[in-house]
Amino acid sequence: MSRAFDDLGPYGGPRVSDAGPWPTEPESISPSVRSTPMPIAAIATALAADDAEERRQAAARLGRADVVEALPLLLRALGDPDWRVRKEATYACHRLIQASSSPPPAAEGDRPAAPPGGAEGERPSAALVLVGALLDALRTSDDVGLRNAAIEVLGYCGRDATPALVGALAELTGDERKLVVDALGRTRDPAALDALYAALAEKDDNLRQSAIEAIAGMGLIARERVTDILYERLGDRDRFVRLTALNGLNGLEAPVPWRVLSQLIDDPILRSAALVAAALAESPEAPRALVSALATARGGAFAQLVRALARLVEGPLASHAVDALRAAPQEVGARLVQAAAASPGAGAAEPPSWRGLGADPVSGRAQALVLAAMARAPGAADAAVQAMIEPALVETAQRALGLLGGEALPAVLAYLERHIDPDPDLWEGLDDATAALIDGAVAIAEQRGREGAPAQPAQPPQPPQPPQPTADPTLDELLGAVRRSVKSPSTLVATSALYGLAKIGTADDFPLVVSQTRAISLPVARAAESALAGLSERYPESARALARRLMQAGETHLAAAIVIEALGTADQEEIAFLTSVASVGDVRARRAAVTAIAAAAGVSALEVLSLSLADEEREVRLAAARALGRLYASLSDRAGDERARARELLSLVRASGEPELVAAAAQGGAPFRSDPPWSEAGDRLSAPVSIDGGEGPTSPSGMSGGPPSGKVL
């Protein structure tokens, strides 16, 4: 999901990424029509036709004509009654300008070509020809369509038009001067800024407003100069000039001092742009003022305040924004919660109505939810839990729950109590949200356990000890809910619960997890394998005793192998057990035993691995190859005989002709591509091998592929 905190509000000003070529031409006219020459007389005849489409086709061909010869026809087409003909004529002018400004490269030894129209007697460029003709048209014609088209073409002329336009600005009077200012802005020539800045000193407000718009539009080309001018005009006598200057600064993402912004926010016309600017402010006073305004803002103003604050909490003023939210009156938090909980179609007007504000309602609700969580507003946890059900808000809801921490656990537990039920029909459409809530609650519990651990005096090094169960009734209640969820009819919920037990469960959970390793659902069974390995690492003493009991029954051989692998060591009795299971157990038990004996017995497992490489089950062969590669990578050069034996087995893997086996061994650590003895295998593996069936990196239990849901312990 895209982030919900990048919306600057209704202003869509220019950004650096927007700078590019002129607008592309429509495809309704074939490129062959535009590129095929046509006699000028035939074009003139077509431009006089009654059919507008015929005139448009003719105007398109003017882009390949001689500019001097076609000039009268271009002016006629630019003043055509049909706007489509006028637009096609502007494209034709653009093509003529491009063609004359990009002469073919001179042959080696030739003199460099002079600039178009630059030397006396040389043919003037298309831009210069058009500039003179179009300025004359502005002086003599009252045709609005021709004037607008002329301004567009003058902008295409770029810097070639700037001197003539500056001169015309001093000569012309009335509305023509405003048109010239518009054309200067369209040239995107920094040299035009002096004339545009001078126009700001005029008495004509229309002219001054056009000048500030033109200056703001050139911010991407002359950022420093434009920024200085826009800052200066924030104190202009004309409210429209101030608004345009502020919008221009927002488009450049230039921060405005709070002492200036604070005077603009109270103006109804400037408020929207000022709130956007506040999101870029660098003063700690900005978040305090915005939070204070949340208490009384309505409708669009409320939504803009939310967007501005959401941006602030993602920047350097985040701590100040959080402090302001937590110090705000209770009604501010209540309004944020209400805004976050409002469904897009509810039409709630107070507060706020997310419709008609130029923003995505989901984005606004997501921003309000995060702000409510930062404010620790009453009801924020319930709103986050409810948002978990909406796919578009899941990520935001998880973030909000993380921000609330332990405060969110009661709301999560209340939800789990309502939805942990053996009836599958009750899970329809809710299993994703429930699984995500279990994940979030477990993460909160882990965090609380880390933060609540008391400092201990310095002691001699001790073996790592698992976290002890707390006396916190909320955490105990959470653990009970997670245990009940393990047997949920929803695969997603059950796997989430198993991963949760691996993190916050106790030694009492071993029997439950062991029973789930035999679950009918393969994803649940594999999640139980990972959970069993996690619990074994946390409670090694209990796990060792458990392994001895599990070794006694055939149906629990798989679980016993997983526990031994997690412990990382094995005595002779356990090694004998693993050796036996690797050859006579069921498929999953054989695979687990192969991985476990390689981890616990070291080089003494080579004989078992050699036999397992020939196992009839692909899953077992892959596990053996991967374990062999891992074992070989762990041997030092001083382990001569063992290393030679492992190398011999890897040679057999390479010679097997099974790319999957070679890939599995390489995945485990066999240096097929770097160690000289294996260079041939590297040549034979010309492309990465795709292994289906989830045969990815091994999980803590030795299971290939890892947790089916992509979760990691």
Side-chain angles (χ1 to χ4, degrees), residues 1 340-341 343-344 362 365-366 369 373 380-402 404 408-446 474-475 477-505 509 512-513 515-532 534 693-694 696 699 703 705-713:
M1 179 179 94
S343 60
V362 174
R365 293 176 58 209
L369 179 58
D382 291 325
V385 169
Q386 186 63 30
M388 220 30 122
I389 301 173
E390 301 182 49
L393 293 175
V394 168
E395 290 185 18
T396 303
Q398 288 175 327
R399 182 184 179 192
L401 290 174
L404 290 166
L409 285 180
V412 175
L413 289 170
Y415 175 93
L416 293 178
E417 287 297 327
R418 294 194 303 270
H419 294 91
I420 297 175
D421 193 284
D423 184 358
D425 294 337
L426 297 180
W427 289 97
E428 185 176 358
L430 298 176
D431 49 355
D432 286 342
T434 305
L437 282 170
I438 291 174
D439 293 341
V442 168
I444 292 172
E446 282 191 297
T474 303
L475 295 183
E477 187 179 352
L478 171 62
L479 185 54
V482 173
R483 287 167 175 163
R484 293 194 300 275
S485 300
V486 165
K487 295 190 177 180
S488 164
S490 165
T491 298
L492 276 175
V493 174
T495 54
S496 287
L498 284 165
Y499 293 127
L501 281 183
K503 297 174 182 177
I504 66 171
D509 294 308
L512 175 60
V513 174
S515 69
Q516 291 303 101
T517 61
R518 302 188 298 274
I520 297 176
S521 170
L522 184 58
V524 173
R526 290 189 170 180
E529 294 181 25
S530 295
L532 181 57
S699 71
M703 172 191 67
S709 67
K711 299 179 183 180
V712 179
L713 290 175

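- Closest of all the heavy-atom pairs between L498 and V524 is CD1-O, 3.5 Å.
- When each of L393, V394, T396, D432 is tested with M388 by the rule side chain to side chain contact (heavy atoms under 4.5 Å, CB included), just one qualifies, namely V394.
- For the residue pair E529 and T517, the shortest heavy atom distance occurs at N-CG2, 4.1 Å.
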Is there a side chain to side chain contact (heavy atoms under 4.5 Å, CB included) between L475 and L409 once you walk through the steps?
-> CA-CA 8 Å; L475 295 183; L409 285 180; 3.7 Å; yes
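- For D382, the side chain to side chain contact (heavy atoms under 4.5 Å, CB included) partners at least two apart in sequence or on another chain are A411.
- Distance alone, capped at 3.5 Å, places no donor-acceptor pair between the S496 side chain and the V493 backbone.
- Considering every non-hydrogen atom in both L532 and V513, the closest pair reads N-CG1, 3.6 Å.
- To the nearest 0.5 angstrom, Q516 atom CD is 6.0 Å from L512 atom CG.
- The structure places CG of L369 at 10.0 Å from CZ of R399, a figure rounded to the nearest 0.5 Å.
- Residues L501 and L479 have side chains in contact (heavy-atom distance under 4.5 Å, counting atoms from C-beta outward).
- Of the inter-residue distances, the one linking L478 atom CG with R483 atom CZ reads 10.0 Å to the nearest 0.5 angstrom.
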Decide side chain to side chain contact (heavy atoms under 4.5 Å, CB included) for I438 and S485; before the verdict, give the C-alpha distance in whole Å, the side-chain angles of both, and the deciding distance to 0.1 Å.
-> CA-CA 9 Å; I438 291 174; S485 300; 3.7 Å; yes
